[in-house]
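Predicted model only: the values in this text are computed from it and were never measured.
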Amino acid sequence: MKRLFFLSSIFLFSISADKCNEKKTADGEYKAKLETKALCMNYTLTLQEGNLDTSFVNASWTDETTNKTYKNAFGLVNPCDFPASIKEGDEFWFVIDSTRGKDCAVCLAYYPTPPKKIWVKVITK
């Protein structure tokens with residue numbers, strides 16, 4: 001019995017210590033990675049940190065052009081507001097902001113993007 005108590009104490013301690021080492025995100029702030037920056041502002045992004053339910057992101061999505069599968073993938077509702085300085089592979093912080101941004105001309109050339117899209121406002125941290 002003492003052995004069981006000792007082992008369960010170690011287990012609980014390791015779980016709580018692990019929680020202390022987790023990075024905390026502020027409410028409503030998320031970290032993403034720009035996976036694909038294709039022609040005509042067809043961007044694929046993935047959620048890196050923060051909790052968004054599956055109504056916002058595709059749990060798994062495969063780019064039919066490259067056959068690469070992404071977890072927690074999404075596209076942009078507002079590609080005209082997305083900073084041109086962010087390159088493929090870059091990670092950045094954002095908030096969801098559905099206020100109407102700037103308009104721009106977007107060509108209609110096709111490149112696959114995840115079906116779920118988010119209004120993204122890039123922030124600095």
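- Nearest approach of Leu39 to Ala109, heavy atoms of both residues: CD1-CB, 3.5 Å.
- For the pair Thr44/Trp61, a side-chain contact is recorded, criterion being any heavy-atom separation below 4.5 Å from C-beta on.
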Steps toward side chain to side chain contact (heavy atoms under 4.5 Å, CB included) verdict (Phe92, Val120): CA-CA 11 Å; Phe92 59 91; Val120 168; 4.2 Å; yes
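- Residues Lys87 and Leu34 have side chains not in contact (no heavy-atom distance under 4.5 Å, counting atoms from C-beta outward).
- Residues Asp103 and Cys80 have side chains not in contact (no heavy-atom distance under 4.5 Å, counting atoms from C-beta outward).
- If you check the side chains of Tyr110 and Asn42, you find no donor sitting under 3.5 Å from an acceptor.
- Contact between Leu47 and Gly50 at its shortest, heavy atoms only, is CD2-O, 3.5 Å.
- Thr69 and Thr62 share a side-chain donor-acceptor pair at under 3.5 Å.
- Within a 6.0 Å sphere centred on NZ of Lys121, heavy atoms belonging to other residues, nucleotides or ligands number 12 at most.
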side-chain hydrogen bond (donor to acceptor under 3.5 Å, both in side chains) evaluation trace for Tyr70 with Asn58: CA-CA 9 Å; Tyr70 299 97; Asn58 299 275; over 6 Å; no
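- One distance of note links CG of Asp27 with CG of Asn51; it measures 10.5 Å at 0.5 Å rounding.
- In this structure, NZ in Lys33 is found 10.0 Å from CD in Glu88, a value given to the nearest 0.5 Å.
- Hydrophobic clustering (side-chain heavy atoms under 4.5 Å, transitive across Ile, Leu, Val, Met, Phe, Trp, Tyr) groups Val57 together with Leu45.
- With hydrogens and angles disregarded, a donor-acceptor distance shorter than 3.5 Å links the side chain of Lys37 to the backbone of Ala84.
- Residues Glu49 and Trp93 come closest through the heavy atom pair OE1-CH2, 3.5 Å.
- Ile118 and Ile86 end up in the same hydrophobic cluster when Ile, Leu, Val, Met, Phe, Trp and Tyr side chains are linked at under 4.5 Å.
- Below 30°, between 30° and 60°, or above 60°: for Phe94 and Tyr30 the angle between ring planes is between 30° and 60°, a tilted geometry.
- Listed here is the closest heavy atom pair of Ala32 and Gln48: C-CG, 3.8 Å.
- Looking only at distances, no side-chain donor or acceptor of Asp97 sits under 3.5 Å from a matching main-chain atom of Trp119.
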Worked check of side chain to side chain contact (heavy atoms under 4.5 Å, CB included) between Ile96 and Leu52: CA-CA 10 Å; Ile96 297 174; Leu52 280 175; 3.8 Å; yes
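- Tracing side-chain contacts under 4.5 Å through hydrophobic residues (I, L, V, M, F, W, Y), one never reaches Tyr111 starting from Val106; they form parts of separate clusters.
- Summarising the geometry, atom OH belonging to Tyr43 is positioned 7.5 Å from atom CG belonging to Leu76; distances are rounded to the nearest 0.5 Å.
- Glu35 and Thr46 form a side-chain donor-acceptor contact under 3.5 Å, judged by distance and modelled atom types alone.
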